[in-house]
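Heavy-atom basis, side chains included; hydrogens, waters and symmetry copies ignored. Each chain gets a letter, A, B and so on, in the order its sequence line appears, and its residues count up from 1.
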Amino acid sequence: MRPKDRSSFNQLVFEICRSIPSGRVITYGGIAACIEHPTNMDPFAYDRIKARWVGYALKDCPDDVPWHRVINARGQISARPGCEFQRTLLEDEGIAFGKSGRINLKHYNWNPMPLKSR
DNA sequence: GGCATGACAAAGG
DNA sequence: CCCTTTGCCATGC
């Protein structure tokens, strides 16, 4: 994927985020897995790359994007300034945190409609 | 134009 | 289960 395509990639990320209902969460990789992009890259490696790009996209997302519903694959909130606030938002939506600050993905994970089949 | 860093994740120890 | 390594590349100095 070339920098030129980043903009459209980000738009897809935002679109998926907006489809997450209150009280549910998704992982960075989960979002990445919904976005297929024409590439010659090894798909196995590509998914991990995209997961990183999802984080970049959310760094400066529009106000109507529920960025707080995106967590990492371990069910935890990724460390960064403001992460305490994210936990508060999720708890307000009824999401319970485990002892080590982890969310039960089995129960809260949201599976969005794939934008393109894989 | 190198070099370090990062809202990631899988695999290995 | 926790910690480290590895793949990868956009970004900022």
Side-chain angles (χ1 to χ4, degrees):
Chain A
M1 180 183 288
R2 301 272 64 85
K4 159 181 173 299
D5 304 309
R6 289 288 309 238
S7 163
S8 59
F9 178 86
N10 290 1
Q11 294 309 314
L12 293 176
V13 171
F14 300 151
E15 188 177 326
I16 293 172
C17 283
R18 283 189 276 254
S19 77
I20 309 171
S22 176
R24 307 296 291 277
V25 296
I26 194 174
T27 65
Y28 297 94
I31 292 179
C34 293
I35 303 176
E36 182 166 10
H37 197 279
T39 177
N40 300 322
M41 195 180 295
D42 170 24
F44 180 73
Y46 190 53
D47 275 347
R48 284 183 285 170
I49 301 165
K50 285 192 298 185
R52 257 193 153 159
W53 287 344
V54 170
Y56 280 111
L58 292 178
K59 191 171 58 176
D60 39 25
C61 63
D63 291 337
D64 63 326
V65 173
W67 53 269
H68 60 281
R69 296 182 187 138
V70 185
I71 60 178
N72 63 35
R74 292 161 12 198
Q76 297 177 301
I77 293 173
S78 294
R80 67 185 181 289
C83 57
E84 308 84 6
F85 180 52
Q86 180 175 4
R87 174 167 178 154
T88 303
L89 289 174
L90 291 174
E91 287 178 327
D92 286 348
E93 295 184 351
I95 293 178
F97 283 75
K99 191 147 192 173
S100 47
R102 272 181 273 174
I103 295 173
N104 187 336
L105 282 175
K106 299 268 188 204
H107 193 264
Y108 294 110
N109 192 53
W110 168 250
N111 298 103
M113 294 282 292
L115 296 180
K116 291 181 181 180
S117 63
R118 305 180 50 75

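Within the 4.0 Å cut-off from OP1 or OP2 of B:dC8, not a single side-chain nitrogen or oxygen of A:T27 is found. In this model, the phosphate group of B:dA10 is not approached by any side-chain N or O of A:R52 to a distance below 4.0 Å at OP1 or OP2.
Residue order along DNA chain B, read from the 5' end via each residue's closest nucleotide, puts A:Y56 first among A:Y56 and A:G30.
Here the nucleotide nearest the side chain of A:N72, chosen from B:dA9, B:dA7, C:dA10, is B:dA9. Each of B:dA7, B:dA10, B:dC8 was ranked by its minimum atom distance to the side chain of A:A73; first place goes to B:dA10. Here the nucleotide nearest the side chain of A:R102, chosen from C:dC2, B:dG6, B:dA7, is C:dC2.
In DNA chain B, stems built from 3 or more consecutive Watson-Crick or G-U wobble pairs, each with both distances under 3.5 Å, span B:2-6 with C:9-13, B:8-13 with C:2-7.
Formation of a donor-acceptor pair under 3.5 Å by the A:Q86 side chain with backbone atoms of A:V70 is found in this model.
The side-chain hydrogen bond (donor to acceptor under 3.5 Å, both in side chains) check on A:D64 picks up A:R18, with sequence neighbours excluded. Legend: residues meeting salt bridge (Lys or Arg N to Asp or Glu O under 4.0 Å) with A:R87, ordered by chain and number and at least two apart, are A:E91.
When heavy atoms are screened at a 4.0 angstrom cut-off, A:A57 is found touching no nucleic acid atom at all.
The nearest pair of heavy atoms linking A:N109 to A:T27 is OD1-N, 4.2 Å.
Within a 6.0 Å radius of CZ in A:R74, no more than 12 heavy atoms belonging to other residues, nucleotides or ligands are found.
Below 30°, between 30° and 60°, or above 60°: for A:W53 and A:F9 the angle between ring planes is above 60°, a perpendicular geometry.
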